[in-house]
Amino acid sequence: RHPLAIHLNYFNLMSYFGWLMVEIAKSNWAVTKLILSPKMRLRQNMFEVPYVQKSDLGQTIFANSITLTPGTITVEVATGSFLVHAVNYSEDDHEALADMGQRVAAVETGAA
């Protein structure tokens, strides 16, 4: 048996989790406003989000972070990308998720 080797930069991991908590709170507020709006204008969309993480653990952290953010869910994993559903889609979602992906990649040891 081989133990699972986990290589993470723990300082970056703690920093990432702090950043993620703020992003979850902001997203939670936006989804709450959307739901409570009398005209609830949903702009649902499914789109692909490429990932740059090298390890399965990094990819899992990224996919779960997307799902933890209210209004988005990782639906499917393909080679090199995730299929994501957003309740209130915006073109800015691609840039925001790319930023999240880079932050997760920095958690992996040896990542920039």
Side-chain angles (χ1 to χ4, degrees):
R1 275 173 42 123
H2 298 286
L4 175 64
I6 299 175
H7 302 284
L8 299 174
N9 179 315
Y10 289 102
F11 175 77
N12 287 353
L13 181 63
M14 292 298 106
S15 175
Y16 175 72
F17 281 140
W19 174 84
L20 182 61
M21 292 302 114
V22 170
E23 293 303 306
I24 288 172
K26 290 188 324 190
S27 181
N28 204 359
W29 177 249
V31 170
T32 299
K33 287 190 325 185
L34 177 70
I35 291 170
L36 295 177
S37 169
K39 294 185 180 177
M40 197 183 334
R41 294 189 177 121
L42 300 178
R43 293 186 311 271
Q44 297 184 58
N45 193 24
M46 304 257 307
F47 58 101
E48 287 192 20
V49 174
Y51 59 80
V52 296
Q53 295 73 30
K54 301 202 181 321
S55 69
D56 289 343
L57 179 60
Q59 293 164 18
T60 300
I61 292 170
F62 185 33
N64 286 338
S65 295
I66 292 169
T67 298
L68 280 171
T69 308
T72 58
I73 185 167
T74 304
V75 177
E76 185 175 280
V77 178
T79 303
S81 68
F82 300 123
L83 181 62
V84 173
H85 177 268
V87 172
N88 196 27
Y89 176 77
S90 163
E91 289 294 325
D92 295 338
D93 291 347
H94 294 278
E95 186 176 323
L97 290 174
D99 178 50
M100 178 186 280
Q102 290 299 323
R103 289 172 184 269
V104 173
V107 169
E108 295 177 307
T109 300

Backbone of [Y] reached by a side-chain donor or acceptor of [X] within 3.5 Å:
X	Y	answer
Ser37	Lys33	no
Tyr51	Gly80	yes
Ser15	Phe11	no

When you look at CD of Glu95, are more than 12 heavy atoms from neighbouring residues, nucleotides or ligands closer to it than 6.0 Å? no
Counting only heavy atoms not in Trp29, do more than 12 sit closer than 6.0 Å to its CH2 atom? no
Please round to the nearest 0.5 Å and tell me the distance separating atom [atom1] of [X] and atom [atom2] of [Y].
X	Y	atom1	atom2	answer
Met100	Thr72	CE	OG1	7.0 Å
Ile61	Asp56	CD1	CG	11.0 Å
Asn45	His85	CG	NE2	8.0 Å
Asn88	Leu34	CG	CG	5.0 Å
Leu57	Ser55	CG	OG	5.0 Å
Glu108	Gln59	CD	CD	7.5 Å

Quick one: do Ile73 and Thr67 satisfy side chain to side chain contact (heavy atoms under 4.5 Å, CB included)? Show the steps, please. CA-CA 4 Å; Ile73 185 167; Thr67 298; 4.0 Å; yes
Using the test salt bridge (charged side-chain N to carboxylate O under 4.0 Å, His left out), find all partners of Lys26 that sit at least two apart in sequence or belong to another chain. Glu23
Applying side chain to side chain contact (heavy atoms under 4.5 Å, CB included), run through Phe62 and Val49 and close with a yes or a no. CA-CA 10 Å; Phe62 185 33; Val49 174; 3.9 Å; yes
Could you see if [X] belongs to whatever hydrophobic cluster contains [Y]? Use Ile, Leu, Val, Met, Phe, Trp, Tyr and a side-chain cutoff under 4.5 Å.
X	Y	value
Met14	Leu20	yes
Val75	Val31	no
Val22	Leu13	no
Ile35	Val87	no
Tyr89	Met46	no

For a side chain to side chain contact (heavy atoms under 4.5 Å, CB included) check, start with the C-alpha distance between Tyr16 and Leu8, then their side-chain angles and the critical distance, and finish with the verdict. CA-CA 12 Å; Tyr16 175 72; Leu8 299 174; over 6 Å; no
Please say which of Val104, Leu97, Asp93 ends up in a side chain to side chain contact (heavy atoms under 4.5 Å, CB included) with Ile66. Leu97
Least distance between heavy atoms, Ser27 atom then Pro70 atom: OG-O, 2.5 Å
